[in-house]
Amino acid sequence: MTAAATSIAANLAAVRARIAEACERAGRDPAEVTIVGVTKTHPPSLVEEALAAGLTDIGENRAQELLPKAEALEARGLAPRWHFIGRLQRNKVRGVLPHIAALHSLDTARLADEIERRADRLEGDGAAARDPLPCYLEVNVAREASKDGIAPEQLPELLHEASKRRHIAVAGLMTVAPLVDDPEQVRPVFRQLRELAHAHGLEGLSMGMTDDYAVAVEEGSTVVRLGRVIFGARRS
Ligand SMILES: *Cc1c(COP(=O)(O)O)cnc(C)c1O
């Protein structure tokens with residue numbers, strides 16, 4: 001193993017231990033929490049090392065990065081479950097759709113429309129019938145001007161729109177919590193996302209990043225999106 005691979009495996013073991021502790025405190029089963037390793041800015045070789053370390057789910061936030069990485073890995077016979085976690089422009093849906101296992105950032109009806117249209121075309125082109133794409137609706141719980149996502153009161157409308165689409169399976173809700181010094185400060189954000197999800201009969205909660213994932217898991221996260229804590233500082 002390379003030095004990078006060794007540290008990825010060690011970091012992942014530490015993350016799993018912290019998730020297990022958070023689950024223990026919350027009376028949850030760690031098997032309910034999926035780790036998505038966020039590899040943005042890192043090369044395909046690092047994704048390969050992450051898979052060797054036992055990760056199966058990989059997150060990217062830009063189409064321009066996901067596509068060449070997915071192709072490089074495919075050429076080596078590797079097919080992680082790709083999660084698209086960033087803002088997805090409608091003109092990128094066509095390229096990204098054949099590769100991804102889930103979208104964490106659905107936040108407009110127009111994006112839902114485009115997914116529906118492109119998935120229909122893929123079927124029409126004779127591709128095998130596809131399962132609906134699991135999508136998380138992104139909610140800007142903390143109402144930060146700088147963040148993507150809908151306001152909580154827009155959820156019923158977007159949920160209604162997304163649920164009508166044959167090629168979309170609403171998996172739950174996603175949020176990116178504000179940057180704070182102490183993760184306890186964002187506990188109410190995670191709690192609010194959970195309450196919002198459960199009020200609408202949704203189970204999936206994509207919440208928790210490097211600085212706040214233990215709190216997110218205590219508050220019910222089912223998917224944590226982790227970059228730096230597994231892979232170290234991002235490359236520019
Ligand atoms: C980059 C990114 C992450 C991972 O961030 P870390 O703090 O490095 O764990 C998670 N979610 C989204 C949407 C991101 O863009």
Side-chain angles (χ1 to χ4, degrees), residues 4 7-8 10-19 22 33-44 46-47 49-50 53 55-67 69-70 80-89 92 96 100-108 111 133-150 171-187 189-190 193 197 204-236:
S7 74
I8 289 170
N11 293 344
L12 191 55
V15 163
R16 289 196 197 286
R18 257 191 103 192
I19 289 174
V33 183
T34 299
I35 299 173
V36 172
V38 178
T39 50
K40 63 193 187 197
T41 77
H42 296 290
L46 179 133
V47 180
E49 285 169 348
L55 272 175
T56 52
D57 293 79
I58 301 292
E60 287 285 340
N61 69 337
R62 296 171 66 226
Q64 304 92 301
E65 246 191 287
L66 184 145
L67 293 176
K69 278 184 212 177
R81 291 169 44 82
W82 292 103
H83 295 246
F84 199 90
I85 62 172
R87 171 182 286 176
L88 180 56
Q89 290 169 312
K92 298 293 196 302
V96 160
I100 59 176
L103 172 67
H104 290 245
S105 49
L106 183 58
D107 65 354
T108 63
L111 179 56
L133 178 68
C135 292
Y136 295 84
L137 310 186
E138 182 171 357
V139 183
N140 184 355
V141 174
R143 300 175 191 272
E144 292 179 283
S146 61
K147 292 264 167 73
D148 294 330
I150 55 167
L173 303 182
M174 178 272 214
T175 200
V176 176
L179 265 181
V180 290
D181 293 328
D182 174 359
E184 280 301 329
Q185 292 173 264
V186 289
R187 186 181 293 278
V189 169
F190 296 140
L193 193 74
L205 288 169
S206 171
M207 60 187 197
M209 301 166 47
T210 288
D211 293 323
D212 54 27
Y213 71 96
V215 173
V217 168
E218 286 173 9
E219 292 301 327
S221 172
T222 62
V223 189
V224 289
R225 308 177 310 268
L226 302 177
R228 291 164 299 138
V229 69
I230 301 175
F231 305 115
R234 280 190 265 285
R235 312 178 190 193
S236 45

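Atoms within a ligand are numbered from 1 in the order they appear, just like the ligands themselves. What you are looking at is a predicted structure, and each value in this text was computed from that prediction instead of being measured. For the numbers below, each heavy atom of this structure counts, side chains included, while hydrogens, waters and symmetry mates do not.
- R225 NE, 2.9 Å is the protein heavy atom nearest to atom 11 (N) of ligand 1.
- Residue contacts with ligand 1: M174 is placed with no nitrogen or oxygen under 3.5 Å of a nitrogen or oxygen of the ligand (distance criterion only).
- Between the side chains of R235 and H42, at least one donor N or O sits under 3.5 Å from an acceptor N or O.
- What sits closest to atom 6 (P) of ligand 1 on the protein, heavy atoms only, is T210 OG1, 3.3 Å.
- Here L226 has backbone heavy atoms under 4.0 Å from ligand 1, and that is the only part of it that gets that close.
- Applying the 4.0 Å criterion to heavy atoms of G227 picks out, from ligand 1, the atoms 4 (C), 6 (P), 8 (O), 9 (O).
- R228 NH2, 2.6 Å is the protein heavy atom nearest to atom 7 (O) of ligand 1.
- Distances from atom 12 (C) of ligand 1 to the heavy atoms of I85, V224, T41 show the closest one on I85.
- Counting heavy atoms closer than 4.0 Å to ligand 1, residue R234 contributes side-chain atoms (C-beta onward) but none from N, CA, C or O.
- In terms of the side-chain hydrogen bond (donor to acceptor under 3.5 Å, both in side chains) criterion, residue partners of E49 (sequence neighbours excluded) are, by chain and number, T2.
- Across every non-hydrogen atom of G227 and R234, the tightest pair is CA-NH1, 4.5 Å.
- Given atom 3 (C) of ligand 1, the protein heavy atom at minimum distance is M209 CE, 3.6 Å.
- Side-chain atoms of S105 and R87 form no donor-acceptor pair, as typed in the model, at a separation below 3.5 Å.
- Under the 4.0 Å criterion applied to side-chain N and carboxylate O atoms, E218 and R187 are assigned as salt-bridge partners.
- Between the side chains of T39 and E60, a donor-acceptor pair is found at a separation under 3.5 Å.
- For R228 and D211, the salt-bridge test passes: some basic side-chain N is under 4.0 Å from an acidic carboxylate O.
- Of the protein's heavy atoms, K40 NZ, 2.6 Å lies nearest to atom 2 (C) of ligand 1.
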